[in-house]
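Only heavy atoms go into these numbers, but all of them, side chains included; no hydrogens, no water, no symmetry mates. Residues: numbered from 1 along the sequence shown.
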Amino acid sequence: MEAPRTNGINPAEATNNETAPLIPHHSHDHNHQHSTPTLFPIPHEGESGRTGFHPSHFFLVLWRSSSPISSFVNLLFPFVIAAFISRIFFSHSHPLWTFALSYIGMIPSANLLGFAGQELARKMPKVAGILIETTFGSIVEIILFVVLIINHDEKEEGGNMVPIIQAAILGSILTNLLLCLGVCFFVGGIRHVSQRFHAIVSEVGSGLLLVAAFGLLIPSAFYSALKSEAKTVEVVIGEGVKVVVPLEHSDDFTLGKLEDDVLQISRATSVALILSFFMYIWYCASSQHSIFDEVIEADEHRDADREADMEKPKFTATEAVIALLLSLACVTALLIFLVDEIEHVVHSGVPDQFLGLILLPLVEKAAEHLTAIDEAWDGVINVALYHCLGPSIQTALFNGPLVVIVGWTLGKPMDLNFEIFMIGLLVLSILVISNFLRDGESNWLEGALLVIVYAITAIACWYYPNPDVASSNSLQQLKLTNGTVANAIGGLRQAFTGV
């Protein structure tokens, strides 16, 4: 029998280093003091057998991508070019076309970013590789949040981006937990009837998500509990007509003070959540015998397509970096195009909550979704589960809090005061997922139910009113200072009575 190709690497030598920890531990063996110093050896599955940059090989690997689904997505690359053309020549006359083309073009660009990150990750130890792959997949989301907060301006019509950012934070988590994980369970259950996953992946993931939900819930709960206590002025503007006007500034407990308190709580909570994320990274990285490493490696050896994947041509480290830079440039430009046209999309009838909670997360997480679904189909359910829970954890503990810190540095009031409706969706979704993960087994029925829950959520978001029309967790009434109450009374009387 012909031995499998190894790109010039001894398989035994290659696999011996697959379980190396992310943080290298220095050996005291003096017999190796003359060996070439390296941070870590490249595992066999990440070795390309070449160095440098080769254009023909680069485009061949890019086209084949990581799976047939990802390869099919590459057919959408012409939309990237069309988006740039529409932005340059037709942005003012056809803004919705620019948004649509940029939205579709984001899919192959995000897919390339995820694939390049995956190729780079294969050249590193297991857990380190998955963390890096997840990070490069989530960088699309970070760029989106930063572009949105930079464009936030409450004084301009349609310039309030905070509700969209808040919806996108929770929407990203829900898309991974309900849609992506549901599709993974469904396609994996069709091919393998049922799949068992290790308890450590689901337990740690569920625990971290509950901690994140608690942190995200606190500012909203604080505001909801105290908003009725904010001092107000009852203005009589006509016979039988009264208007309750919240005071923005006063020596008493007012709306303005409450909002300032919520902002400070959000910033402190964001720092705490980011600290929790780095503790999670350290926990995964510093263990000499990481159980995550062992579980994921064992899962990959059961991959139905493992031999075929090993035979695929791979990027060199240089080519992977070039692909990352190219995809980052495309993603950043397309996200700027998307954000610039959001006002026109909302005016066309698409609700803010649906845009942030459903549309944006679908495209920003396209790479992780395709990767996770392909892994579930191949029977690598622990890795697929990690790809669903990992981005959700990073969004809740790092990406979302990070945009609060960025807004803080820019002097923009980005907080974590979410709509009660959205917080309810998040908590219920985590409880549903935790219940499905409890038995350590998945099947197609559980996957279908999760997708149905996501569809119900999408329908509810479509009918949820924009924050400037109605809001469950903010006082959208007229904000007044003490010095302007008298002027406002006259204006309100004239508006209601015509006198």
Side-chain angles (χ1 to χ4, degrees), residues 141 145 148 152 154 158 160-182 209-228 230 246 255 258-259 262-263 265-266 269-270 273 342 345-346 349-362 364-365 392 395-396 399-401 403-404 413-435 449-477:
E141 183 174 83
F145 292 166
L148 283 170
H152 170 72
E154 289 182 326
N160 185 12
M161 297 295 176
V162 170
I164 296 177
I165 298 173
Q166 292 175 338
I169 291 172
L170 298 188
S172 176
I173 300 173
L174 295 178
T175 301
N176 281 293
L177 293 182
L178 297 177
L179 179 63
C180 184
L181 189 59
L209 286 172
L210 286 173
V211 170
F214 179 84
L216 297 176
L217 173 64
I218 290 300
S220 303
F222 182 88
Y223 191 96
S224 296
L226 295 175
K227 69 177 181 179
S228 61
L255 174 64
L258 176 58
E259 291 179 339
V262 169
L263 185 60
I265 292 172
S266 298
T269 301
S270 297
L273 291 177
I342 280 179
V345 174
V346 173
V350 178
D352 278 350
Q353 303 301 328
F354 187 83
L355 179 65
L357 209 63
I358 304 298
L359 289 184
L360 293 181
L362 279 177
E364 76 185 26
K365 290 298 181 70
S392 301
T395 297
N399 298 355
V403 74
V404 175
M414 173 65 202
D415 59 30
L416 297 177
N417 183 20
F418 296 96
E419 290 286 307
I420 296 300
F421 168 74
M422 294 192 291
I423 285 292
L425 289 177
L426 175 64
V427 174
L428 289 175
S429 298
I430 292 176
L431 293 177
V432 170
I433 293 297
S434 299
N435 185 63
L449 292 176
L450 290 178
V451 174
I452 289 174
V453 171
Y454 182 80
I456 295 173
T457 301
I459 294 172
C461 290
W462 178 262
Y463 289 100
Y464 198 84
N466 291 336
D468 58 344
V469 176
S471 176
S472 65
N473 209 29
S474 104
L475 295 174
Q476 295 296 331
Q477 299 150 315

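Between Leu360 and Ile164 the shortest side-chain heavy-atom distance falls below 4.5 Å. Side-chain atoms of Leu170 and Leu216, non-hydrogen and from C-beta on, do get closer than 4.5 Å to each other. Under the 4.5 Å side-chain criterion, counting only non-hydrogen atoms from C-beta, Ile456 is in contact with Ile452.
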I'd like a table of donor-acceptor pairs (distance under 3.5 Å, sequence neighbours excluded) in which one partner is a side-chain atom from residues 422-434, with atom names and distances.
from: Ser429; atom 1: OG; to: Leu425; atom 2: O; distance (Å): 2.7
from: Ser434; atom 1: OG; to: Ile430; atom 2: O; distance (Å): 2.8

Original post:
Do Leu148 and Val403 pass the side-chain contact (heavy atoms from CB on, under 4.5 Å) test, and can you show the C-alpha distance, the side-chain angles, and the key distance before you say yes or no?
Top reply: CA-CA 9 Å; Leu148 283 170; Val403 74; over 6 Å; no
Subject >> Derivation of the side-chain contact (heavy atoms from CB on, under 4.5 Å) call for Ile169 and Thr395 >> reply: CA-CA 7 Å; Ile169 291 172; Thr395 297; 4.3 Å; yes
Original post:
What's the verdict on side-chain contact (heavy atoms from CB on, under 4.5 Å) for Val262 and Leu258, showing C-alpha distance, side-chain angles and the deciding distance?
Top reply: CA-CA 6 Å; Val262 169; Leu258 176 58; 4.3 Å; yes
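Separating the CD1 atom in Ile358 from the CD1 atom in Ile459 is a distance of 10.0 Å, to the nearest 0.5 Å. Atom CZ of Phe222 and atom CD1 of Ile265 lie 4.0 Å apart (nearest 0.5 Å). Phe418 CZ to Ser224 OG: the interatomic distance, rounded to the nearest 0.5 Å, is 12.5 Å. Here the CD-CZ distance, from Gln353 to Phe421, works out to 8.0 Å after rounding to the nearest 0.5 Å.
Evaluated for a side chain to side chain contact (heavy atoms under 4.5 Å, CB included) with Phe214, the options Leu210, Leu217, Ile218 yield exactly one hit, Ile218.
Closest non-hydrogen pair, Ala167 versus Leu357, comes out as O-CD1, 3.0 Å. Heavy atoms only, all atoms of each residue included: Leu416 and Ser270 are closest at CD1-OG, 3.7 Å. Nearest approach of Pro219 to Thr269, heavy atoms of both residues: CG-OG1, 4.4 Å. Nearest heavy atom pair, residue Tyr454 against residue Leu174, reads CD1-O, 4.1 Å. Contact record, Ser392 with Leu209: CB-CD2, 3.9 Å, taken as the closest heavy-atom pair. Looking at every heavy atom in both residues, Glu141 comes nearest to Glu364 through OE2-OE2, 2.5 Å.
No donor-acceptor distance shorter than 3.5 angstrom exists from the side chain of Ser172 to the backbone of Ala168, with no hydrogens or angles considered. Looking only at distances, a side-chain donor or acceptor of Gln166 sits under 3.5 Å from a matching main-chain atom of Asp415.
By the ring-ring contact (aromatic ring centres under 6.0 Å, His included) test, Phe354 is found to be paired with Trp462, residues two or more places apart in sequence or in another chain being considered.
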